[in-house]
Q: 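Sharing a structure with you now.
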Amino acid sequence: MQSATVLVREAFVRHFSNGKALGSYAGLTSTPYSSGGIDGEQGIGKAGNRRLRTVMVELAWLWQRYQPGAAQVAWFRDRVRSTGRRIRKVMVVALARKLLIALWRFVTDGVVPQGAVMKPSI
């Protein structure tokens with residue numbers, strides 16, 4: 001319930017033109033590094049909404065536990081199949097971004113995340 005409250009109050013009340021803008025607002029996008037002829041990534045930065053980013057990372061861990069058939073979870077498990085704990089921790093941020101965009105599409109357009117199982121309302 002707390003995760004849903006943060007999502008509604010922090011993310012879904014604002015208008016975003018696309019998923020990339022939403023991911024950037026949440027601070028779940030990479031920070032580019034460019035100096036001279038060197039181009040690279042520095043990982044995620046501290047920019048963005050801290051509460052939303054924290055909740056999405058927690059929700060990503062829970063999503064893989066309670067929605068094992070979801071497309072995002074299949075993507076995550078395929079990427080981290082033969083890697084160690086450190087890479088899993090890094091990749092869960094990418095899963096959080098994908099999940100945030102999928103939930104945003106559900107709220108705005110009514111598109112249910114592929115493979116997600118919804119409980120019937122009581």
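In what follows, residues are counted from 1 in the order of the sequence shown. Quantities reported herein were computed from a predicted structural model and do not represent experimental measurements.
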Q: Report the distance from atom CE of Met56 to atom CH2 of Trp63, rounding to the nearest 0.5 Å.
A: 9.0 Å
Q: By side chain to side chain contact (heavy atoms under 4.5 Å, CB included), which residues pair with Thr54, not counting sequence neighbours?
A: Arg50, Glu58
Q: Restricting to side chain to side chain contact (heavy atoms under 4.5 Å, CB included), what partner residues turn up for Val55, sequence neighbours left out?
A: Ser3, Val6
Q: Drop me the distance from Leu99's CG to Trp75's CH2, to the nearest 0.5 angstrom.
A: 11.5 Å
Q: Counting only pairs under 3.5 Å, give me each side-chain donor-acceptor contact of residues 80-98, with atom names and distances, residues two or more places apart or in other chains.
A:
{"from": "Arg81", "atom 1": "NH1", "to": "Asp78", "atom 2": "OD1", "distance (Å)": "3.2"}
{"from": "Thr83", "atom 1": "OG1", "to": "Val80", "atom 2": "O", "distance (Å)": "3.0"}

Q: Please report, to 0.1 Å, the donor-acceptor pairs under 3.5 Å made by any side chain of residues 15-24, with sequence neighbours excluded.
A:
{"from": "Asn18", "atom 1": "OD1", "to": "Lys20", "atom 2": "N", "distance (Å)": "3.3"}
{"from": "Asn18", "atom 1": "OD1", "to": "Ala21", "atom 2": "N", "distance (Å)": "2.8"}

Q: Taking the side chain as C-beta and beyond, is there a heavy-atom pair between Arg53 and Asn49 under 4.5 Å?
A: no
Q: Mind checking what makes side-chain hydrogen bond (donor to acceptor under 3.5 Å, both in side chains) contact with Gln67, not counting sequence neighbours?
A: none
Q: If hydrophobic clusters are built by linking Ile, Leu, Val, Met, Phe, Trp and Tyr wherever their side-chain heavy atoms come under 4.5 Å apart, do Val8 and Val107 end up in the same one?
A: no
Q: Can you name the residues that form a side-chain hydrogen bond (donor to acceptor under 3.5 Å, both in side chains) with Arg51, not counting sequence neighbours?
A: Glu10
Q: If you round to the nearest 0.5 Å, how far is CD of Gln72 from CD of Gln114?
A: 8.0 Å
Q: Are the side chains of Leu103 and Leu59 in touch, meaning some heavy atoms are under 4.5 Å apart?
A: yes
